[in-house]
J.: 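To start, I am sharing the structure in question, which I have written as C-alpha cells.
Chain letters run A, B, ... following the sequence lines, proteins first and then strands; every chain starts at 1.
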Amino acid sequence: MIDYSDPFDHDVPAPRPGGIAARASAALRKADADYLAGLNPEQREAVETLDGPLLVLAGAGTGKTRVLTTRIAHILALGKARPFEILAVTFTNKAAREMRERVGKLLGQAAEGMQWLGTFHSIGTRILRRHAELAGLHSNFTILDTDDQIRLIKQVLAAENIDDKRWPARQLAFAIDGWKNRALSPKEVPVGEAQSFAAGRGAELYAMYQARLRQLNAVDFGDLLLEPIRLFREHKDVLEQYHRRFRYMLVDEYQDTNTAQYLWLRLLAQGSKNLACVGDDDQSIYGWRGAEVENILKFDRDFPGAKIVRLERNYRSTGHILNAASHLIAKNEGRLGKTLRPQTELGEKVTVAGSWDSGEEARAIGDEIEALHSKGHKLDEIAILVRASFQMREFEERFITLGLNYRVVGGPRFYERAEIRDAMAYLRVIASPADALAFERIVNTPKRGLGDVTVKLIIERARADSVTLPEAARRLCDAGEIKAKARQALKDLVLSFDRWTGLIDKMRHTELAEMVLEESGYTDMWAKDRTAEAQGRLENLKELVRSMEQFENLRGFLEHVSLVMDVDGARGEDAVTIMTLHAAKGLEYDTVFLPGWEEGLFPHQRSLDESGRAGLEEERRLAYVGLTRARRRAKVWFASNRRIHGMWQSSIPSRFLDELPEPDVDVIEAPASYGGGSFGGMGGSYGASRFDQQKPFNSTYDTPGWRRAQENRAHATAGPGARSGGPMTIEGELVASSTAKSAGFGRGARVFHQKFGNGTVVEVDGNKLTVAFDKAGHKRVLDGFVQAA
DNA sequence: GGCATTACCGTTTTT
DNA sequence: CGGTAATGCC
C-alpha cells in the first residue's frame, strides 16, 4: 500500500533535535554563503524575499530553476519551515523530478521530506485521497486517462440515444476538459457553450458524465484539481488545515496555469500568503489547452503587495541570438516586458535560409549537421525544432539515408501504447475488480468469443444488481443466461481473475504480472501476431514488467502510472534530437535548427483562424522559445513548397522572418544547386524587402502579412511563381493572386507547375487535379498551382 | 463475432 | 499520402 499518511491530521511534531531537518538546517546555516554566493543580485533578491507574494519573471536561460531550488534551501536553512511545510508545484513530472534532484543536491536527505513537491495533479490526488469521502469517493478511487474518459462519454451518449456521429464523444470530452480547466461545474457552464453540443444538452451530459464517474469511484484529470477546490470552498476546516500546513508555496511555470489551477493556488495562498510564482509570460505556449497568460499578467492585482523581480541576465545564448529573439518578441502586445541581456560575446548571427521544398530543406540541414559533426560537434548538442510533428518524418528519412544518429522526442508515449494499456487493464481489474472500464477493455482481448452482445449483457446485469462487472459475469454464467461457448470463456476468465486477485499479497507483483500476461493468453496473442510491430510490443511488455520493479507493490505501481505518464528514455548514443517546439521548452542546445518558417505552418493557420491576434502572439512566443533554445547557433529555414495532405502546396516565408532584426541575422543565399537558381532571388528579395516597412502593426487583420496569408490560403497561390524579384516577398503586395484563378482545367489540358514543370491533366476532381507530368510522373495538385502551359 | 475494405481527416500535449 | 476508425460482409 502507498503510505498516504504523513503527519497531517495530527499536529506536526517539532523538528527532532538531531533529526534530518534539524541537521540539514544546521549544515546549511554553516555553509550560508555557499548556496547564495553564486547568485546575481536579482536572483538573490528572488531567493531572499521570503515573506509575502512574489512573482519572479524569469526570461529564458536566466536561472529560473536555480532560483526556485535555492529558495527552498534558503527557507529550510533559516528554519522558516520544515520540508513538509513547503508546497512546491510544477506542471510535469519531469520538472518535479528535476526540482527534487536539485534540492537534494543542496540539502541531502531533507529533500526527501518534501512530501508536497510534485505536479498540480499529484498533489491534487494526495489531497483528494485524504478527503475522498467529502467528495463522494472512496480513497482508492481510480484516475481515468483520456482513453477511458472517451469510452465513458461514449457510454453516456449511447445511453441518451445521442448520435455519436453528429456529436462525437471526443468533442464532448474536449468541451468538458475546457470547462474543467476553467473550474466550471455543470451548473456553471455558460448557456451559450452548453448550447453548442447536442442541441443544448452539453451541460446536462457533463453532469451525467460526472455522475457516472462517481458511480465508478473514478475521477478524471480535471477532477484532481476541481474537487480539491470544491473541498476547500465547502469545508473551511479542511482549507484551514492546509493553510496551517503550507507556510511557503512555490509555483513553477506560472504562465502555464489555467483558471482551475489559479483558483486552487489562490485558495491555498490565503493562509500564509507566502506564494512565490516563477514564470515567463513570453514563454506561454499552452493557451490552446487552457493556460491563461492573464494569470501572470495580473499577478500583482490578485496578490496585493506582491513583489516582482525580473531576471534578465541570460547565461545561455550568445548576443545575436538573444537580440533576435528579443526583437521578435517585442512585437507582442500585452506582455510584462523584459529584455534579455547577454552575458557573453555576440557570437554567430542567426541564419535564415530558404530551400525549394521540404525535401531539400532536410537535405541541406542534414549536410550542415554532418559538417558540424565532422568538425567535432556532438550530435547531442544539436536539435531540430519543428512546429508540427509531420515535419519530422522528412528529417528522419534523410538521416536514415545519411546514417546519422537521431532521436525523436515525443511521439506515442509508452503508457499510451495499446499493449501497455491492455496489460495495465488486467492489473487494474486484479487490484480492483470494480474497475469497470478496465474490465471492458480486456474482457475480449485476446479474443475469447465475448463480443458486444455478451458485454452488453454483463453491463446490464451489473447495473441491475449493482455489482461489479466480474461479479455480474459470474452471475450470468451461473444463471446460464448466455450461450454455452461464451459462458465457458467467461467463466474461465472470471475464475482466473479471482485466482490472480488472491495472489496479490502472496507473490511479487512483477511475477504476478508476468503470470497474468502469460495465463491470460495476452503475450501469446502478440507472439502469434506477425505484423511488423508485434515484436516491439512484446519488448514493451517486458519493459513494463521491468519498470514495476522499482515499486513496492502493485498498488503503488498503478498509482504511479495513472499520474506519471512518462518513462525516462535512456539517453543512449550521441544523436541529433528532433522534436516539436512545444516539447523543447526548458531545454537547450548548442545548435538549433528551426525549419518550416512559412506562413500557414508557422505561424500555424489554425492558430490564426481560431484565436486571431492572440493566436498569432502565441505562435510568436513559440518562435521566441525556439530561438532561445540555442546557445551558439540558431539556423532558421523555410521552404517554398511543402507537401501537405499528400498535395504540394506553395508557401511564402513566415512573417516572423520579417520581424527578425537585420543586424543580427545573416540571410544565406541559396547555393546554386538548390532550387535551380529560381530561389536565389528569394533570399535576395527577402533581404531587400523586409525592412521597407518596419512599422509595428496594430491589428493583425489589417496588415499585408495577414492579407497575404488569407490570400494564400483562400486561393493557394503560386508562391514560387514569384521568381527573382517577383512580387512575392514584397510586403504589401497581394502575392501572386493573379495565378490563383481556379481555372477550369479539363482532362487533357496542358498545364505548367512550378515544381513539376509541364504536364497533362488526366483527371479532375473538384479543384484537385491529377496531372501526368512529363518529367515528374503522376501527381495530385490543386488547380491553383498550375497555369495553362 | 471476426476480418477486410472503405471513409475520413490531417497543430501543438500534460496530467 | 498515410494513418485510424467505422462500416459491411462472410
J.: Roughly how many Å is it from CE in Met647(A) to C1' in dC9(B), rounded to a whole number?
T.: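 It is 12 Å, rounded to the nearest whole Å.
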J.: Could you measure the distance from the CG atom of Asp252(A) to the OG1 atom of Thr119(A)? Nearest 0.5 Å is fine.
T.: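 These two atoms lie 12.0 Å from each other.
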J.: Between C1' on dC1(C) and CG on Asp357(A), what's the gap in Å once rounded to a whole number?
T.: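 Answer to the nearest Å: 16 Å.
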J.: With the stacking rule set at 5.5 Å and 30°, tell me whether His121(A) counts as stacking on dT15(B).
T.: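 Per 5.5 Å and 30° rule: no stacking.
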J.: By the 4.0 Å heavy-atom rule, please label Ser389(A) as base, sugar-phosphate, or nothing.
T.: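 Sugar-phosphate, backbone atoms only, no base.
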J.: I'd like a table of atom pairs between the protein and nucleotides 2-6 of chain B - only N or O on both sides, under 3.5 Å - with the distance next to each one.
T.:
unit_1 : atom_1 : unit_2    : atom_2 : d
dG2(B) : OP2    : Asn444(A) : ND2    : 3.4

J.: For Thr92(A) and dT13(B), is the shortest distance between a side-chain N/O and OP1 or OP2 below 4.0 Å?
T.: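 Answer is no, no contact under 4.0 Å.
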J.: Just to verify, what does Phe390(A) make a ring pair (Phe, Tyr, Trp, His ring centres under 6.0 Å) with, not counting sequence neighbours?
T.: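 Residues passing ring pair (Phe, Tyr, Trp, His ring centres under 6.0 Å) with Phe390(A): none at all.
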J.: Which of the following nucleotides, dT15(B), dT13(B), dT11(B), is nearest to the side chain of Thr146(A)?
T.: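 The answer is dT15(B).
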J.: Counting heavy atoms from C-beta on, name the nucleotide in dT11(B), dT15(B), dT13(B) closest to the side chain of His604(A).
T.: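 Looking only at side-chain atoms, His604(A) lies closest to dT11(B).
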J.: Nearest whole Å is fine: how far is dT12(B) P from Phe390(A) CZ?
T.: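 For the pair Phe390(A) CZ and dT12(B) P, the rounded distance is 8 Å.
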J.: From the list dT13(B), dT12(B), dT15(B), which nucleotide is the closest neighbour of the side chain of Phe221(A)?
T.: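 It is dT15(B).
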J.: On the 0 to 90° scale, with breaks at 30° and 60°, tag the His582(A)-Tyr286(A) ring pair as parallel, tilted or perpendicular.
T.: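 Rings of His582(A) and Tyr286(A): tilted, 30 to 60°.
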J.: Find which nucleotide of DNA chain B each of Thr580(A) and Val453(A) is nearest to by heavy atoms, and output the residue with the more 5' nucleotide.
T.: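 Residue closer to the 5' terminus by nearest nucleotide: Val453(A).
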J.: Looking at residues at least two apart in the chain, or sitting in another chain, which of them share a ring pair (Phe, Tyr, Trp, His ring centres under 6.0 Å) with Tyr206(A)?
T.: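 For Tyr206(A), the residues satisfying ring pair (Phe, Tyr, Trp, His ring centres under 6.0 Å) (neighbours in sequence not counted) are Trp179(A).
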J.: Just to verify, what does His604(A) make a ring pair (Phe, Tyr, Trp, His ring centres under 6.0 Å) with, not counting sequence neighbours?
T.: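 For His604(A), no residue satisfies ring pair (Phe, Tyr, Trp, His ring centres under 6.0 Å) once neighbours in sequence are set aside.
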J.: Can you name the residues that form a ring pair (Phe, Tyr, Trp, His ring centres under 6.0 Å) with Phe551(A), not counting sequence neighbours?
T.: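 Listed in chain order: Phe557(A), His560(A).
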J.: Could you tell me whether Gln149(A) contacts a base, only the sugar-phosphate backbone, or nothing, with contacts defined as non-hydrogen atoms closer than 4.0 Å?
T.: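 No contact at all - Gln149(A) keeps every heavy atom at 4.0 Å or more from the nucleic acid.
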J.: Which distance, rounded to the nearest 0.5 Å, do you find between the CG of Leu216(A) and the CG of Leu152(A)?
T.: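 Separation between the atoms: 6.0 Å.
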J.: Output the rounded distance in Å from CG (Asp223(A)) to C1' (dT15(B)).
T.: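 Taking atom C1' of dT15(B) as the reference, CG of Asp223(A) is at 12 Å.
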J.: Base, sugar-phosphate, or nothing for Thr454(A), non-hydrogen atoms under 4.0 angstrom?
T.: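 If one applies the 4.0 Å heavy-atom cut-off, Thr454(A) turns out to touch the sugar-phosphate alone, with no base involved.
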J.: Determine the interatomic distance between P on dA5(C) and the same-named atom on dT12(B); round to the nearest Å.
T.: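 The answer is 16 Å between these two P atoms.
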J.: Could you check if the base of dT11(B) is syn or anti? Syn means the glycosidic torsion is within 90 degrees of 0.
T.: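 Judged by the O4'-C1' to base torsion, dT11(B) sits in syn, the angle falling within 90° of 0.
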J.: Say you draw a straight line from CD of Gln605(A) to CD of Glu619(A); how long is it, rounded to the nearest 0.5 Å?
T.: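 Between Gln605(A) CD and Glu619(A) CD, I get 10.0 Å after rounding to 0.5 Å.
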J.: Rounding to a whole Å, what distance do you find between Glu397(A):CD and dC1(C):P?
T.: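 Distance, rounded to whole Å: 14 Å.
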J.: What's the separation between atom CG in Asn258(A) and atom CG in Leu263(A), rounded to the nearest 0.5 Å?
T.: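 Asn258(A) atom CG to Leu263(A) atom CG measures 9.0 Å (nearest 0.5 Å).
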J.: Rounded to the nearest 0.5 Å, what separates atom OG in Ser651(A) from atom CG in Leu601(A)?
T.: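 Atom-to-atom, Ser651(A):OG and Leu601(A):CG are 8.0 Å apart.
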J.: Among dG1(B), dT12(B), dT11(B), which is the nearest nucleotide to the side chain of His582(A)?
T.: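 Of dG1(B), dT12(B), dT11(B), dT12(B) is nearest to the side chain of His582(A).
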J.: Looking at Glu361(A), Glu599(A), Glu360(A), which one forms a salt bridge (charged side-chain N to carboxylate O under 4.0 Å, His left out) with Arg642(A)?
T.: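 It is Glu361(A), the one option of Glu361(A), Glu599(A), Glu360(A) that forms the salt bridge (charged side-chain N to carboxylate O under 4.0 Å, His left out) with Arg642(A).
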J.: Does Ser122(A) place a side-chain N or O at less than 4.0 Å from the phosphate oxygens OP1/OP2 of dT15(B)?
T.: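 Negative; the distance criterion is not met.
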J.: Using a 4.0 Å heavy-atom cut-off, write out nucleotides 2-10 of chain C from 5' to 3' as B (base contacted by protein), S (sugar-phosphate only) or - (no contact).
T.: S---SS---
J.: Between atom CZ in Arg620(A) and atom P in dT12(B), what is the gap in whole Å?
T.: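 Nearest whole value for this atom pair: 21 Å.
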J.: Measuring from the side chain of Trp288(A) (C-beta onward, heavy atoms only), which nucleotide among dT12(B), dT15(B), dT11(B) has the closest atom?
T.: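 Side chain of Trp288(A) sits closest to dT12(B).
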J.: Whole angstrom is fine here: how far is it from CG in Asn93(A) over to P in dT13(B)?
T.: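 Rounding to the nearest Å, CG of Asn93(A) and P of dT13(B) are 17 Å apart.
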J.: Using whole Å, report how far CZ of Phe174(A) lies from C1' of dT12(B).
T.: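 It is 12 Å, rounded to the nearest whole Å.
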